[in-house]
Amino acid sequence: MILKTIKTNVITGFLGAGKTSLILSLLKLKPENETWAILVNEFGEIGIDASLMAGTHSSEQVVIKEVAGGCLCCAAGIPTQVAINQLIQKAKPDRLFIEPTGLGHPAEILKVLTNEYNRQVLSVNQTVCVVDARKVLIEAYRDNENFNQQLRIADIVYASKADLYQAQELESLSALIGRVNQESILISANAESAIKLLLNEIDKPLLPCAKSTTPIKQSTSLGKSTSLTQGSASIFKPVSSSEPLPQPVEFNQGGYWVKSNQGEGAYSIGWVFEPSLCFEFDKLISFINQLIAQNVVRIKAVMITEEGIAGFNMSDGKLSVMELDDAMDSRIEIISLSALDETTLTEQLLACLTAN
């Protein structure tokens, strides 16, 4: 039985803005006596962020759950209900972070989290929008409906990667916030104790219906969905055994599973490989660099290599690699704004395997 409501924050941001990096920074400030839970939603079907978080933050007091395959509010309705319910039952957390996909519709998620049923369990506080201010000067980015909805519903705008900005870029972000959402506050990542300041701010209550949002047409290309709206039942409502559950991973004879997704003007392909398969680190780097040259939007991976377990994260053409403690399997996800050739990419990935 839950005796007190769970402090809950939605952390939004466009693809590559730095949502996962921000959550990892917040986790470093977690009090030792608290348990935190994180629900990660990804556009791709495979799901990488939870593995990256778990590989760098393995603790019984940090519980991570993932819902892959599109927006929490439309493409994964029932799995989302199950995921949050499982998180709370397993972790009994003091705090819950919800990270929607950068292509999702956060206003719809907030409607569900704050309905009359869920208010009995969740204390939904300040919503954070993570923004890379360098993107604000790009018209296609600035005019994107999802990006503008993220700004409109934000109580706090967190300017990530601020050490890379030119002065006019942060000024442009501040001016945009002034036009779109004057009620939000701006915290820059390069400010002194920025993460501590953010953690103090996010526990302020969410103002009821303070902001208006323009509905976004729901994409039907993300697959069958259960739409969650203001009138939806509780996310903690018992789910019938007849409801669809996430598709299990079934490896083919080659020892891998591949899944693609399309919607909101983006394409993704993801692969999961059996843990017995080992990759050559240098070949993976060459493969990823080749994709960077083709201007793909995101690459995320957790791979078992001959040099150990490596996490890869590519955004804005820049690749970061980290050493991870553990992994259940190898998995990689590619997101692009143009169609991807699954056959060719699969062949290139298999060529990165170590010789038996």
Side-chain angles (χ1 to χ4, degrees), residues 10-22 41-44 49 70-71 99-107 127-154 156-182 184-191 194 211 213-217 219 221-222 261-268 288-300 312-320 333-340:
V10 176
I11 298 182
T12 73
F14 217 58
L15 290 172
K19 300 184 295 296
T20 301
S21 296
L22 175 59
N41 173 221
E42 296 193 54
F43 172 73
D49 284 342
C71 178
E99 180 193 334
T101 169
L103 296 173
H105 312 130
T127 296
V128 180
C129 178
V130 183
V131 179
D132 181 346
R134 295 172 298 171
K135 302 290 188 180
V136 172
L137 298 176
I138 302 173
E139 184 178 358
Y141 192 102
R142 186 177 61 246
D143 295 342
N144 182 276
E145 285 186 288
N146 288 44
F147 171 66
N148 279 279
Q149 186 184 103
Q150 291 167 5
L151 281 180
R152 285 195 298 269
I153 62 98
I156 302 168
V157 176
Y158 184 81
S160 64
K161 310 176 186 180
D163 56 319
L164 303 176
Y165 297 168
Q166 301 293 324
Q168 70 270 22
E169 291 168 335
L170 191 58
E171 292 171 2
S172 296
L173 174 59
S174 181
L176 178 62
I177 294 169
R179 294 194 300 273
V180 174
N181 181 1
Q182 295 182 355
S184 65
I185 66 170
L186 174 63
I187 297 177
S188 176
N190 63 357
K211 303 177 180 68
T213 57
T214 303
I216 295 178
K217 183 179 180 182
S219 171
S221 59
L222 288 174
N261 194 4
Q262 177 182 347
E264 303 292 342
Y267 303 80
S268 76
I288 292 173
N289 283 335
Q290 172 188 312
L291 291 171
I292 292 174
Q294 297 173 15
N295 296 318
V296 301
V297 178
R298 290 300 308 275
I299 304 170
K300 293 180 286 186
F312 301 87
N313 193 352
M314 190 287 292
S315 177
D316 296 325
K318 294 181 175 58
L319 174 65
S320 62
E333 190 102 50
I334 303 167
I335 301 177
S336 175
L337 298 182
S338 56
L340 296 164

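The first residue of the sequence shown is numbered 1, and numbering continues consecutively from there. Any value given below was found using the heavy atoms of this structure, including those in side chains, with hydrogens, waters and symmetry copies removed. Note that this is a predicted model, so its numbers are computed, not measured.
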L319 vs I288, side-chain contact (heavy atoms from CB on, under 4.5 Å): CA-CA, chis, key distance, verdict: CA-CA 8 Å; L319 174 65; I288 292 173; 4.0 Å; yes
Point-to-point distance, once rounded to the nearest 0.5 Å, from NZ of K318 to CG of N313: 13.0 Å
Residue E139 excluded, over 12 heavy atoms near CD under 6.0 Å: no
Reported CD-to-CD1 distance for the pair Q150 and I11, which is rounded to 0.5 angstrom: 12.5 Å
Smallest separation among heavy atoms of A133 and E169, with atom names: CB-O, 3.6 Å
Euclidean distance, I156 CD1 relative to C129 SG, rounded to 0.5 Å: 11.0 Å
Distance-only side-chain donor-acceptor flag, N148 / R142, under 3.5 Å: no
Non-hydrogen atoms of S184 and A154 that approach each other most closely: CB-O, 3.4 Å
Point-to-point distance, once rounded to the nearest 0.5 Å, from CD1 of I299 to OG of S315: 10.5 Å
Nearest non-hydrogen partners of A162 and S188, listed with the distance: CB-OG, 3.4 Å
Steps toward side-chain contact (heavy atoms from CB on, under 4.5 Å) verdict (K135, F14): CA-CA 10 Å; K135 302 290 188 180; F14 217 58; over 6 Å; no
side-chain hydrogen bond (donor to acceptor under 3.5 Å, both in side chains) involving S338 - partner list, sequence neighbours excluded: S336
Minimum side-chain heavy-atom gap V296-I335 below 4.5 Å: no
Rounded distance [0.5 Å steps], CG in N144 versus CD1 in I138: 12.0 Å
Nearest-0.5 Å distance that lies between atom CG in L137 and atom CD in Q168: 7.0 Å
